[in-house]
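Step one of this worksheet: look at the structure below.
Chain letters run A, B, ... following the sequence lines, proteins first, then strands; residues in each count from 1.
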Amino acid sequence: MLATVFTKTTRDRWKAMAIAIISLALLLLMAMAVYRDIDLSVYTELPEVFLSLMGIPDGADVASLAIGVLYGFYGALTLAALAVSMGSASVAGEERDGTIGLLLGNPKSRTNVLVSKAASMMLLVGLGALALWGAAPLVAGILDVRMGGMQMGAYALHLFVNAIFYGFLAMAIGAWTGKRGLASGVTAGVMALGFVAVGIFPIIEGWENVAKAFPWNYFDNGQPVINGIQWGDLSVLLVASVVLAGIALVGVNRRDLRGQNVGVTLLDRLRSNPMTQKVVDRLAGATRVSRIWIKTASEHQGLLIITAYLMFFVMGVLMGPLYGLMDQTLLSFADQIPKELYAFVGAGGGDMSTAAGFYEVETFGLMAPIAVMVVTVVIGARALAGEEQNRTMGLLLANPIKRSRVLLEKAWAMVLYAVAVGLFTFAGVWLGSLIGGLGIEVGNIAATSFLATLVGLVFGALALALSAATGRVRVAVFGSVGVALVFHLVNSFASLNDTLAGWARVSPFSYYLNTHPLENGMDWGNGAILAGLTVVLVGLSVVLFQRRDLRQTG
Amino acid sequence: MTDQIAIHTQKLTKHYGDVHALVDLDLDVRAGEIFGFLGPNGAGKTTTIRTMLDEIRPTSGTASILGMDSHEMSVEIRDHIGYVPGDLALYPNLTGRDTLTYFANLRGGVDWGYVDELTERLEADLSKKVGDLSSGNRQKVGLIQAFMNRPKVLVMDEPSSGLDPLMQRAFQKLMREVAAAGTTVFLSSHTLSEVQRVADRVGIIRHGKLIALEAVASLRSKAIRKVNIYFDGPVDPSVLRPLPGVRDVTVENQHARLSFDGQMETLLKVITERFHVLDISTEAADLEEIFLTYYRDEEVTA
């Protein structure tokens, strides 16, 4: 292992991990404070299978509920996302930055470089998991909440192994392809699909075991926080991680390293095909560069295709027939559950006993805003800071165009892509409802998809504003995603506690599903607030961007 | 070249915290001239250019191009300029032609016949993706985009970077042609031979301050040059040493070697009055020598 590479990688990344852990600890403080003040009998009276599905441990108390939702969802996702970011950047990131040649110009093997980066990832994720472990009793102590017989060490170990599995998956894809975006995107897709699948398949009769095909199943399926280390589950993830690390090592040693990262888009492929060359040449060539917003949109085609497919087919069309296959007896319990309970899974309060409620929880609760945000945050963050990072902004602004025009055209591309994801979500859910004979109002589907688009746009506009203010892609991405997580949590938990209920209104998410648009139709007031927020943030971006010096590097 | 001023800076100052990147820069570049802007790394050349183009805002002072304030009228200015940034970066996923089309669409009014001519002269390949091009070929795309709108002012930061010697010559010829046609060229470069070959005047910057601003010919006349003099008989070196501007004198029989810093006419007059000179030769001072002289002097002063 190379100490220098290990140290540099760790030094480059520790801040992100530290900020994430501190944020999670503060959120845990808030969650525990909320749970401390509510009547927990609503949880304990639920059927066991339902508790299990929602990840609520038997004999749940304040601490286990708060830790279950904070660490089991937000914590696990955050740690895994940081691991993915490090894993995908390990080789592919150096290639994209054009530094891999210099790094390997030293008498050190590719294997050594990769092992050092993997070690750094494991160290930081390990420290993150340890810090989460330590934060739990600390927060409980501050609030005078009893921790009971919780196995926090076991839980931290599960968090660690789960995160590094996704880190190694991203590393393997990056090592074989040299494409950081692809590595992060595919891994995030696997993570998201697993998360959804683990929530759905166990309640479909005869399909219970399908969940086992998804890695997320092995994270906390056995409730390690109550039952201790689940060696069977951990072994699956550990063996898979070792295999993926091996695949990464083989990959990075076998292939040609990339110089500057030149991606091949679908249009590029069609352009090189003699059959389609003539038409596509015009489209991929002249049209693509005819306006700033068209060029910006063309740069993110892959992202749109993957996101739109996921929302249309997986989260839209497939969900309809799946609902019909579910255990209706089990679902009928759902109408006895207080709506506030759905805050536990961050669903905003859908009633799973109805098809509309089911779609609201599964498709619109998390996945739809995440899908729109993936597109809007990436475009928003890269719009200005990306050009500055790639050192092309100076040349772009050497043309007789205002900074505000560059920003607004890029914001327009972001809006169009958000609308496209919203439209695909609408079409998918509508078709799913038709196929499954669920009879959800088409107007309500449109309203919910529209609100999902708007809430995603608010955070895209925030990424744009951060990008405009700082010129740094990382600040824009992590800043906007972090704020989104906090607001999501605020909205979910504030509704559980009367004294905090008013705080929910500060969260943009409260203007999304809180009025249950899939059942009740469009709330134009909420739509106007979300649209207004987006416009204000874009306007703020213009002011911020016009005032500052352009950066020479990102 | 005319007496009209194309680029003007007045007390232009840029601070980055405690770092004074540019200090009270006063500069006038005449319309139609090729102005060489010299200085070592970190002297403030790129900061000057970025401030002129409104990429960054001055801490104090002003800059104007073609009589327009570089901040207030930056969009109008950019209608008339061509720009090659230092460490040029383009969009790797676009072909050379797509790149030029993109900028032509943003700019408007680009004559594609001229683009083709430039492409031919610089032997550029516009069919490949920029990311697949060598740095020199990528630089050619950057040069074409700067020239293609026939700008009134060309601002170029290390434009020859990556070009082979033949292509550097072709580029210099192009620069001289556009300057002859009235374009002002602001050329920041480390390639001193290039500046010497094409520039009418040079400005030398150090630690953000302008330390010299003169015509290349005038700078040459002031530079130290090596002089070889052959006399018809032995010469006493102590006679040569006290002469004004003369230093490092060595004499070998009838052959004297010396360094001279001053007007050649004065030296010749003094020597020919006292001695019978058989032959005299001087090694022409090049810009590198002048550059180094300035910096040595500045270091001594500092």
Chi angles and distances behind the side-chain contact (heavy atoms from CB on, under 4.5 Å) call for B/Y102, A/I292:
CA-CA 8 Å; B/Y102 184 50; A/I292 295 172; 3.5 Å; yes
Output the option from B/V84, B/L88, B/L106 having the highest count of non-hydrogen pairs under 4.5 Å with chain A.
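Most heavy-atom pairs under 4.5 Å with chain A: B/L106.
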For B/A89 against A/N390, the heavy-atom pair lying closest together
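Shortest heavy-atom separation between B/A89 and A/N390 comes out as CB-O, 3.1 Å.
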Which members of residues 72-83 of chain B, sorted by number, sit under 4.5 angstrom from chain A on a heavy-atom basis?
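Answer by number: B/V75, B/R78, B/D79, B/I81, B/Y83.
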Which atoms of [X] approach chain A - backbone, side chain, both or neither, heavy atom under 4.5 Å:
{"X": "B/N149", "result": "neither"}
{"X": "B/T46", "result": "side chain"}
{"X": "B/T99", "result": "neither"}

Region of [X] that comes under 4.5 Å of a non-hydrogen atom in chain B:
{"X": "A/E409", "answer": "neither"}
{"X": "A/K295", "answer": "side chain"}
{"X": "A/I294", "answer": "neither"}
{"X": "A/R403", "answer": "side chain"}
{"X": "A/R405", "answer": "side chain"}

Steps toward side-chain contact (heavy atoms from CB on, under 4.5 Å) verdict (A/L396, B/Y91):
CA-CA 10 Å; A/L396 180 61; B/Y91 302 102; 3.9 Å; yes
Side-chain donor/acceptor of B/R50 to backbone N/O of A/D549, under 3.5 Å:
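Between the backbone of A/D549 and the side chain of B/R50 there is no qualifying donor-acceptor contact (under 3.5 Å).
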Is it the case that the side chain of B/N93 and the backbone of A/E299 share a donor-acceptor pair, with hydrogens and angles ignored and the cut-off at 3.5 Å?
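It does not hold such a pair.
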Can you tell me how far CZ of A/R391 sits from CG of B/L90, rounded to the nearest 0.5 angstrom?
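Here the interatomic distance stands at 9.5 Å.
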Determine the option with the most heavy-atom pairs under 4.5 angstrom with chain B, choosing from A/E387, A/M393, A/R547.
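Option with the top pair count is A/E387.
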